[in-house]
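Please read the structure below before turning to the comments.
Lettering of chains follows the sequences in order, A, B, ..., and the numbering in each one begins at 1. Here the structure is a predicted model, which means the values were calculated and not measured.
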Amino acid sequence: MKDGWYILNYHDVSWEESIYIRGIGGTCPPDIFREHLAYLSKCGEFVSVQEGFDRYRSGDIKKPIISFWFDEGLRGVRKYAYPLLEKYNVKAAISVNGKFMTGKEMFWQFKLSFLSQVDGMRFLRSRLRKHGYKYSMLVSDFVFDNFSPSIIEEIDAVYQSSTDELYHKDAFRVFDDVEGIKELKDNGWLISNHSASHYPVGEDSCLERFFDEFNECEEVINNTLDMKTEFWVLPFDRPAHRSKNLGDVFNKTNKGKRHLVLVGNEINKEYDEKEKFLYRIALPIVSGKEMVEHLGKIPYHV
Amino acid sequence: MLPPELEKRIINLPETDNHAIVMITSNDLRHKRFVYRLQKEFGDLVMVWYELSHDVPAKYTTEKPAAPKQTSKPVKPIIKKLQENYRQAQIKLFAEEIEDLKAYSRLEPVKINWKDVHSEQFVNQIKKYDPYFFLTLGGPLYRKPLLDSIRGVTINQHAGHSPNFKGTNTTEWALYHRNLYCVSSTIHIITTGADAGPIFRRSNPCLFHKDHFTTIFARIVALGTELMIEVVQDIIKDKKVVVFDQSQTAGKTYLDKHFDEKIITSLTRDFDNNWLEDELLRQRTF
């Protein structure tokens, strides 16, 4: 692996992948995560995000340094990943969505996964036709490419009619709650802002909601965790769909010293004071050996 | 998760400050994981661990030993190999974790013959602990006198999707039918029927695209243990509990003898041809 700061992007680490997540993927089983750590520990130095960031800014990276960043504030992270990382004495970062952490709104993509598993897609496909959906299209692609409040409403309408309130409330156990995130914070983890509802606010279809979404989440974090965040983590970040205006919009809203955290699948090497972006690497869930091979092919951000 | 298709009702378990736990398991690595995890979570509440074994003589059962089989067939190579694969899958997934969990273990197992669990003496032994929870992983169908002796609730983790797949090898049967939705773990109240009691929770395991059906089974057992822990934690907090009843006519109960060479060959063929990886991708393409 090349010298540089590798920020590895995970979502959940768990023995469970319920029907809310099965259709999306991205959960790493604990035994595989343990294997990742064992392999990675031989390839680079594990550092907290804060330490990695400090070294990145000061240009003091003379070997591979590796940080871990978990998105969406999922429950398995504290339950399974945290104890495993403690064995390596490394603190990670977790990005939370204000509405998921407080049980106010279920992640729309999880609703799609749920509907796909319980034969709910037929109702959604029917409702999406008036928005231009054709049966030859994938619903997931159509929703992303035509993202709007009315599309979200259609998903929610089908989801709400699918089961009852008890089921919907229970589904939030997939996320960690305020007390759980607080425990991570108190144990040295970095807590970051992943927006209120995880809409694709880095893409042109939703860019106008960028500030509102992050600001709303910032208020929730402020009120529940008594802190301000230094890092805003962009939801999704599909590089091919990233808005050309993203940098401008971020800089207009970024009154402090915040950085915007993307995916990008690039290694952080040369810090750019003007850009204020961090790049993470999202690999498929593979074996430890394959992960290291993949990381060897990741390019630098230039 | 909760089963979305089943009718729910609320049961009121007895209020108590004494949540003593008795555990009973078989004796593979997954059972040790179960026991250590429960001890880690519930500490001194766990009073005793009974480990079922055919190697210890029956202490309480006076029935005559079964007549030796007329023809004792050797175990077929395919079955022998599969048993070894199950063992290796558990080592691969759990060995390191179990080393970490040993620090939380206080109890040595009390070994007991399978036949003895139905005896009056065993029931009296259990009553001495006055357990609120009777938690099981593996074992026979328990009988009414034992189940009725538990103050609070008897809970089993079933490596299958009740009510659709009850009995034995239910993970494998769901995979044989290429039904990933029914590859799941069910936590339920123990009744005299196999895996047929009211359900607390049911959910799906996180699968690795290179899994074999033996590692999938191990993952389901690990998931079931975590779900069981959540159920016990919830009950300790609140005795008003939601359960989901299983219809008597839903699904199927599979027996050991149904899981034969032909089924194993079919499963092996699917997994050798990357069915799992393809199916996971299909499930994520909608």
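- At most 12 non-hydrogen atoms from other residues, nucleotides or ligands lie less than 6.0 angstrom from CZ of A/Arg129.
- Rounding to the nearest 0.5 Å places CD of A/Gln117 at 12.0 Å from CE of B/Met1.
- Contact annotation: the side chain of A/Trp15 never approaches that of B/Pro205 to less than 4.5 Å [non-hydrogen atoms, C-beta and beyond].
- To the nearest 0.5 Å, atom NE2 of residue A/His168 and atom CG of residue B/Leu2 are 11.0 Å apart.
- With contacts defined as side-chain heavy-atom distances shorter than 4.5 Å, the pair A/Pro29/B/Arg219 qualifies.
- The residues A/Glu290 and B/Lys210 are annotated as salt-bridged, a charged nitrogen and a carboxylate oxygen being separated by less than 4.0 angstrom.
- If you measure heavy-atom distances from A/Asp164 to chain B, the contacts under 4.5 Å come from the side chain alone.
- Both the backbone and the side chain of A/Ile19 come within contact range of chain B, judged by heavy atoms closer than 4.5 Å.
- If you measure heavy-atom distances from A/Ser116 to chain B, the contacts under 4.5 Å come from the side chain alone.
- Contact of B/Ile220 with chain A is not made at all, since no heavy-atom distance falls under 4.5 Å.
- In this structure, no portion of A/Ser162 lies under 4.5 Å from any heavy atom of chain B.
- The number of heavy-atom neighbours closer than 6.0 Å to NZ of A/Lys79, taken from other residues, nucleotides and ligands shown, is above 12.
- In summary, B/Asp100 and A/Arg34 engage in a salt bridge, as defined by a charged side-chain N under 4.0 Å from a carboxylate O.
- Between A/Asp170 atom CG and B/Asp234 atom CG the span is 8.5 Å, to the nearest 0.5 Å.
- The part of A/Tyr20 that comes within reach of chain B is its side chain, from C-beta onward, which places non-hydrogen atoms under 4.5 angstrom from that chain.
- Highest contact tally toward chain A, considering only B/Leu280, B/Leu223, B/Leu227, is held by B/Leu223 [criterion: heavy-atom pairs under 4.5 Å].
- Using modelled atom types and a 3.5 Å distance limit, the side chains of A/Tyr80 and B/Glu97 yield no donor-acceptor pair.
- Atom OH of B/Tyr86 is surrounded by more than 12 heavy atoms from other residues, nucleotides or ligands within 6.0 Å.
- Residue contact with chain A, scored on non-hydrogen atoms closer than 4.5 Å, involves the backbone and the side chain of B/Thr285 alike.
- Note that the CZ atom of B/Phe244 and the OH atom of A/Tyr167 stand 8.5 Å from one another [nearest 0.5 Å].
- Dense packing is recorded around NZ of B/Lys239, with more than 12 heavy atoms of other residues, nucleotides or ligands lying under 6.0 Å away.
- The candidate from A/Leu112, A/Val118, A/Leu115 with the greatest count of non-hydrogen atom pairs under 4.5 Å with chain B is A/Leu112.
- By the neighbour-count criterion of 12 heavy atoms within 6.0 Å, atom NZ of A/Lys134 is sparsely surrounded, having that number or fewer from other residues, nucleotides or ligands.
- For the pair B/Ser203 and A/Ser18, the minimum side-chain heavy-atom distance is below 4.5 Å.
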Inset, instruction - Output, in order, the C-alpha distance, side-chain angles, deciding distance and verdict of side-chain contact (heavy atoms from CB on, under 4.5 Å) for B/Arg201 and A/Arg173. - result: CA-CA 12 Å; B/Arg201 289 208 169 277; A/Arg173 58 183 271 287; 3.6 Å; yes

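- Across every non-hydrogen atom of B/Asn204 and A/Arg22, the tightest pair is CB-NH2, 3.7 Å.
- Side-chain contact between A/Leu138 and B/Phe286 is absent, with no heavy atoms from C-beta onward closer than 4.5 Å.
- Minimum interatomic distance between B/Cys206 and A/Thr27 (heavy atoms only, all atoms of both residues): SG-O, 3.2 Å.
- Proximity to chain A (any heavy atom under 4.5 Å) is shown, for B/Glu96, by both the backbone and the side chain.
- For CG of A/Asn89, the number of neighbouring non-hydrogen atoms (other residues, nucleotides, ligands) closer than 6.0 Å is 12 at most.
- Atoms OG and NE2, from A/Ser287 and B/His209 in turn, are 7.0 Å apart once rounded to the nearest 0.5 Å.
- Other residues, nucleotides and ligands place no more than 12 heavy atoms under 6.0 Å from the OH atom of B/Tyr104.
- Taking CG of A/Leu166 as the start and NZ of B/Lys8 as the end, the distance is 5.5 Å to the nearest 0.5 Å.
- Within the 4.5 angstrom heavy-atom criterion, atoms from both the backbone and the side chain of A/Ile285 approach chain B.
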